[in-house]
Amino acid sequence: ERTLKIVLDGHSCVPCSPNGATLKKCCELVDPQSEFAAMFEDTDGMFPSALVCQSGLAKQAMLRLGLHHDSVPWEFIIQRAQVIGSLYNLDCEKALKRVQSILQSIQKNLALCPEGEVPKQAKALASIPFLPVKQKPQIYPLSWFGEKCPHLLCGRDLVTCAESDTSDVDLVVGSTAAILQQNRAVPMDVCSLLQIKTTPTCADVVAHLKNLIDAVQQLKVIPLKMCDAVYGYFDSFLDTSVQPAISVIEELKSLCCIWTGKTFVHPNMVAKKWAL
């Protein structure tokens, strides 16, 4: 049996999808019943042929010979990410679903890595433009930065948040940063690998506030919710920053950035009402 396994490991002997005309090694194929199958099309030739999979004994033998079921190699994930662009041009809905499968596969692989030992090749994913840019919400008072971008970007060019709902990110940097389109929260370790920013940069938020100030006279909707989100960001930023906060405070002090309910005024024109 051991000799037979060695022989089979070294030879392309499994008919693969879509029609069994091509032979591959088990270690080059993915179990079509695995959670990773959604990353592939039948025409990609990444599954054993349907006829082979009908046999339970054949399936067990292929699993013992390296058919991928519990995880897939990083090179498979990278290759799938690289072709998202061409798929998006043909079928954007299918491409977006494929991206979710890729992100789930990345998460699974990271969970299997010893802590702090992510393979170097996996880091190449951060430079592949396969992540979708969020489109402008139906109701949004300012220009939308994502409309100036390609539909797909690298992780390092995007910002998201820890939740699946990115509406708060929309409110603080929608006019100045590209936001990740997502249906569910992206885990922090996946964001780290892909270099997706999980907190907007202060420079982007300041620029967004300036855009809001410049546009307020033309807006039909009072921007109270957006102001609250921006002020909440700065409140958190100033609480957690030390030296960088000085320059931010000075810049904000130079702007008419306080919303009174009717217009923006300079900070020295307002006072806080303290509870007695």
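None of these values were measured; they are calculated from a predicted model.
Between R98 and E41, some side-chain heavy-atom pair lies under the 4.5 Å cut-off. Taking the side chain as every heavy atom from C-beta outward, F47 and P18 never approach each other to under 4.5 Å. Under the 4.5 Å side-chain criterion, counting only non-hydrogen atoms from C-beta, F264 is in contact with L212. The closest side-chain heavy-atom distance from K134 to D170 is below 4.5 Å. I258 has its side chain within reach of V265: a pair of non-hydrogen atoms, C-beta onward, lies under 4.5 Å apart. A heavy-atom distance below 4.5 Å is not found between the side chains of F40 and P32. Inter-residue side-chain proximity for Q104 and M39 is flagged as unmet; no heavy-atom pair is nearer than 4.5 Å. V14 has its side chain out of reach of K24: every pair of non-hydrogen atoms, C-beta onward, lies at least 4.5 Å apart.
When all heavy atoms are compared, the tightest approach of C26 to L65 is CB-O, 3.5 Å.
The main-chain N or O of V118 is never found under 3.5 Å from a side-chain atom of W74 such that the two would form a donor-acceptor pair. Side chain of Y233 to main chain of C202: a donor-acceptor pair is present (N/O by atom type, distance under 3.5 Å, no hydrogens or angles). Within the 3.5 Å criterion, the main-chain N or O of V72 finds a donor-acceptor partner in the side chain of N109.
L96 CG to S101 OG: the interatomic distance, rounded to the nearest 0.5 Å, is 11.0 Å. Rounding to the nearest 0.5 angstrom, the gap separating the CG atom in L142 from the CG atom in L171 is 10.0 Å. Distance check, rounded to the nearest 0.5 Å: CG of L194 to CD1 of I102 gives 10.0 Å.
Residue K108 places its NZ atom among more than 12 non-hydrogen atoms of other residues, nucleotides or ligands, all under 6.0 Å distant. By the neighbour-count criterion of 12 heavy atoms within 6.0 Å, atom CG of L57 is sparsely surrounded, having that number or fewer from other residues, nucleotides or ligands. By the 6.0 Å contact criterion, NZ on K136 is enclosed, its count of non-hydrogen atoms from other residues, nucleotides or ligands being greater than 12.
Checked against S105 for a side chain to side chain contact (heavy atoms under 4.5 Å, CB included), the options L110, V190, I77 give a single hit: I77.
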**Request:** Could you please spell out the steps behind the ring pair (Phe, Tyr, Trp, His ring centres under 6.0 Å) verdict for F36 and H68?
**Result:** CA-CA 9 Å; F36 309 103; H68 297 290; 9.2 Å; no
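Side-chain contact annotation: S175 with H208, donor-acceptor N/O pair under 3.5 Å present.
The aromatic rings of W144 and Y140 sit perpendicular, their planes meeting at an angle over 60°, well past the 30° parallel limit.
Look at K59 and D31 and you find a salt bridge, because one of the NZ, NE, NH1 or NH2 atoms lies within 4.0 Å of a carboxylate O, short of that distance.
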